[in-house]
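What follows is a short report on a single structure.
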Amino acid sequence: MPSLASARYGKDNVRVYKVHRDEKAGTQSVTEMTVCCLLEGEIETSYTKADNSVVVATDSIKNTIYIKAKEHPVNPPELYASHLGQHFLDTYPHITSAHINIIVHRWTRMTVDNAPHPHSFFRDGQETRNVEATVSRSGGIALKSSIAGLSVLKSTGSAFHGFVRDEFTTLAETWDRILSTDIDCSWTWKPFATVAAVQEGVERFDGAWESARGIIMKTFATDESASVQNTMYKMCELILDAAPEVDRVGFSLPNKHYFEIDLSWHKGTKNTGKDAEVYAPQSGPNGLIKCEVARDVSALAHR
Ligand SMILES: O=c1[nH]c(=O)c2[nH]c(=O)[nH]c2[nH]1
């Protein structure tokens, strides 16, 4: 007989905007995010027996997202996600875990007449800061933070040679190529027992995000890259060093190819090898390189 193997439900794509008005300074700050909140627990009968008495309506879940954004700071998103998830465990005895995903969109303050503008912002790229929180009765609060959609390119300082050559290989070795990717980097925190533990030392979350972003940019720019694999591994090691409360760092990076174009058909134009200047960016296929680097378990500090 079939049985329900897993189930969770909730509201996705809840868009939330919150403004903070600093009356004294005369400035405003804004946060825009997209929230997904899914619940798990003793909800089987809603699927198997049409029993809606165990269902917190997804409409109520959406309302809760708004109310918790009003009651609590939405920054850092790790703290807001923890408050939101904990609410469902505190309120509904039959809910055993809440899964919160938050995507924070960029609104960067404008500089106008060489000064930061008090209330105007612009979207500087598709980069987002994200958090995945699982708040559960058994496991406390599990947080995974990430940066996604940060597009980077270097026009030299990247090589790829020494790879397997066999009857399927057409790719030439290169000692100088373009390297371009969309950064997707995540870091998993050691579990937190309570929301109070998340709150204590809450600046760790902005600190880790700033460190990770800085390390990614600096390593990408300065590493004489032997491969995407090796450059991403170096980034993981540095981020683990910079964030002692992080257990694990991972990357998922597309290798976005830029092909040389042979223009010799036009008056013998030289545009390959050392003469290459005009390239054809490819939309696909792309390489996709992933890794996760875990801290040596024996080196973990205990909370
Ligand atoms: O950095 C790279 N890693 C690969 O595994 C790979 N494979 C490939 O064709 N080009 C590249 N580049």
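Worth knowing before you read on, the calculation uses all heavy atoms, side chains too, and leaves out hydrogens, waters and symmetry mates. Counting starts at 1 for both ligands and their atoms, following the listed order. Please read these numbers as outputs of a predicted model, since none were measured by experiment. If you read the sequence from its start, that first residue is 1, and numbering goes on from there.
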Set out, in order, the CA-CA distance, both residues' side-chain angles and the distance that settles side chain to side chain donor-acceptor pair (under 3.5 Å) for D51 and S53, then state yes or no. CA-CA 6 Å; D51 168 20; S53 71; 2.5 Å; yes
Do [Y] and [X] meet the salt-bridge criterion of a basic N to acidic O distance under 4.0 Å?
X	Y	result
R129	D206	yes
K234	E237	no
K190	E245	no

State the atoms of ligand 1, each with its element, that fall below the 4.0 Å cut-off from a heavy-atom position in [X].
X	value
L171	8 (C), 9 (O)
V228	1 (O), 2 (C)
Q229	1 (O), 2 (C), 3 (N), 4 (C), 5 (O)
S227	1 (O)
N255	2 (C), 10 (N), 11 (C), 12 (N)

Once ring-ring contact (aromatic ring centres under 6.0 Å, His included) is applied, what residue pairs with a partner in residues 198-241 remain, sequence neighbours excluded? W189-F205, F192-F205
Residue pairs meeting ring-ring contact (aromatic ring centres under 6.0 Å, His included), one or both in residues 86-107, sequence neighbours left out, come to none
Of the protein's non-hydrogen atoms, which lies at the shortest distance from atom 10 (N) of ligand 1, and what is that distance? F160 CE2, 3.5 Å
Can you tell me if R177 has a non-hydrogen atom under 4.0 Å from ligand 1? yes
